[in-house]
Amino acid sequence: MITSKKPISPDLFGIFFEDLNWAADGGLYAELVQNRSFEYSVADNKDWDSLTSWELLERGGGMGAVTVETVSPLNDVNRHYAVLTVKSPGVALRNTGFDGIPVTAGESYDFSVFAKATDGSSVALTVRLESKNGTLLGESSLPPADGEWSRYTATLTATGTDPDARLAIVPSSAGTVALDVVSLFPHHTFHNHGLRADLAQAIADLKPKFVRFPGGCLAHGDGLDNMYRWKDTIGPIEQRKEQRNIWHYHQSVGLGYYEYFQFCEDIGAKPLPVVAAGVCCQNSGASVNGKWGQGQLGLPMSDMPAYIDEVLDLIEWANGPVTSTWGAKRAAQGHPEPFHLEYLGVGNEDAITEVFRERYQMISDAVKVKHPEITVIGTVGPDPSGSDFDAGWKIANELGVEMVDEHGYKPPQWYWENVNRFDAYDRSKSKVYLGEYAAHEHDRANTLRSALAEAAYMTSLERNGDIVRLSSYAPLLAREGHTQWRPDMIYFTGTEIVLTPNYYAQQLFACNHGDAYLPNVVTIPAGFAPLFASSCVADSQSGDVIVKLVNGSQSVVTAHVELSLFGEVAATATRTDLAGDPDAVNIFAYPKLVIPVTTQVAVSKSFSCEVPPSCLTVIRLRTR
Ligand code: AHR
């Protein structure tokens, strides 16, 4: 039995962001134009090409054609561009957005494009927001494009609301014009930093202490040429190197490292980037014709010094002074102050092989020598047990890895059965980042039952907050109709958001975190133990004590809360219940079937409280 107060990591509850399920392009990144740089290809998705989500319209006698060329590109990394030839005006090149372009009457939209006339003429362009059937919803004219690539901008104000609008570029005369990086953003984005305001706010409302990015498997990539390379994702958007997404779509990398770090700052969370450990995903190529591909590969040893420099440069870019090479690049992008990077993940769920070990050690040694202030987080495979898990922990013990990233997607019952898992962990060994977890049910996703299993597990994270330093549910976001992985925490369309019971469970813990665990506060009658979990934490900043009670059973449980040892308690407390049918889920048609309900309740230093069946109860007591 634990008898004394235990410290809890200040960063225990964070979030895991992966560009999966269209979480970035078509998701958090507010760009409304899909395939804006004409860089989509069959490598992204077997049904895609450079003109995916673009359509050519010939209206009112208009005649023309569109081709994609690479002869005279904007720059070397952004090679494809569209060439629109107009024989007779009335031709429009339209973008269909991500399942349409949602526009709202009275809202402004910021348009930009790189254009040049390629036939010696000068071509004036009109930009239109229009409904699918062509009804005008706002327009603006650009100055005539001449023979050099130039960037043109316009602001469009929507005259109507349409969740399924189009963006049309309409040359007003005959001629040939080349177009690239066609972009449209809502003028209003989160903190004016280019992220979708409603989604970013939903994430901010989780009050995460850190944000892990860019993945998941996306970080180590599908083959060595697909690793996420952070340097390709900073600077002006037209100079970023786009690439295929391991989840079978495309990364514009418009949401790149600068935006990730800036978002962390905007929501008061610490950045936790994960870089590949010099190896690609062990499942690389698995999807090719349904056959296994080449699997895990390591960067050639001759490439490792440059790769290690890339990792060290990331730390300098995030934290270095403006006088440093990479700090200067951060400043040039608009952020002279450091981003205060503390954590760096090296590797994600990698198969623990000699190829991995060698490269991991080279990277982590180099970081430790040059940046002892950075906590390097290692990896122990995809499962909370098994050969990679054991081999990963062995390496962690041998190398003295500060923290390891444990993952596990298991049925709800597993979380209940493993609620004591971390109690037995050796406190002298590596600390734990529970980097990916979620309760997976065989045929359902995001039931209240799954959220309660996760909540039960979270009580154990609090109890073991001295060793489990960080945790994050995964994955975070999923666009309806483009979801490669379920369950997820937040589902969205172009205009709507559904918060799952799992979201609310995470939010209740993160918004009611403490810095000390108080043992032996809650007792329950015999017989409920397998499906009842609890924790009690103190928050020294507010002086509050927070009791969390998770009832996974189908009976009311009367819990006794004993706080006599811990000082004064105010007579009323705030109680929040997340309760309902264990099978209940929130869906777009019924987004609020399971939501937290808050009331004021009478309490004392020693009180009983009834916890309904299938319920997470959080009681926040004031002690000052
Ligand atoms: O969270 C989804 C995927 O699950 C991640 O990309 C990977 O790390 C894990 O297998």
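In what follows, residues are counted from 1 in the order of the sequence shown. Just follow the structure's listing: the first ligand is 1, and inside any ligand the first atom is 1. Since this is a predicted model, take the numbers as computed values, not measurements.
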Contacts satisfying side-chain hydrogen bond (donor to acceptor under 3.5 Å, both in side chains) that involve residues 17-31 (not counting sequence neighbours) are Glu18-Trp247, Asp19-Asn245, Asp19-Tyr249, Asn21-Asp488, Asp25-Ser252, Tyr29-Arg36, Glu31-Arg36, Glu31-Ser183
Heavy atoms of other groups near Lys241 NZ, more than 12 under 6.0 Å: no
Are Tyr491 and Tyr503 close enough that their ring centres sit under 6.0 Å apart? no
Describe, in one word, how the ring planes of Phe210 and Tyr343 are oriented to each other, choosing from parallel (under 30°), tilted (30 to 60°) and perpendicular (over 60°). perpendicular
Geometric class of the Phe261/Trp317 ring pair [parallel <30°, tilted 30-60°, perpendicular >60°]: perpendicular
Can you produce the list of protein nitrogen or oxygen atoms under 3.5 Å from a nitrogen or oxygen of ligand 1, alongside each distance?
residue: ligand 1; atom: 1 (O); partner: Tyr409; partner atom: OH; Å: 2.8
residue: ligand 1; atom: 1 (O); partner: Glu436; partner atom: OE1; Å: 3.3
residue: ligand 1; atom: 4 (O); partner: Glu436; partner atom: OE1; Å: 3.0
residue: ligand 1; atom: 6 (O); partner: Glu18; partner atom: OE1; Å: 2.5
residue: ligand 1; atom: 6 (O); partner: Glu18; partner atom: OE2; Å: 3.2
residue: ligand 1; atom: 6 (O); partner: Cys217; partner atom: N; Å: 2.8
residue: ligand 1; atom: 8 (O); partner: Asn348; partner atom: OD1; Å: 3.4
residue: ligand 1; atom: 8 (O); partner: Asn348; partner atom: ND2; Å: 3.0
residue: ligand 1; atom: 8 (O); partner: Glu349; partner atom: OE2; Å: 3.4
residue: ligand 1; atom: 8 (O); partner: Glu436; partner atom: OE1; Å: 3.2
residue: ligand 1; atom: 8 (O); partner: Glu436; partner atom: OE2; Å: 2.6
residue: ligand 1; atom: 10 (O); partner: Glu349; partner atom: OE1; Å: 2.8
residue: ligand 1; atom: 10 (O); partner: Glu349; partner atom: OE2; Å: 3.1

Aromatic ring centroids of Phe213 and Trp230 under 6.0 Å? no
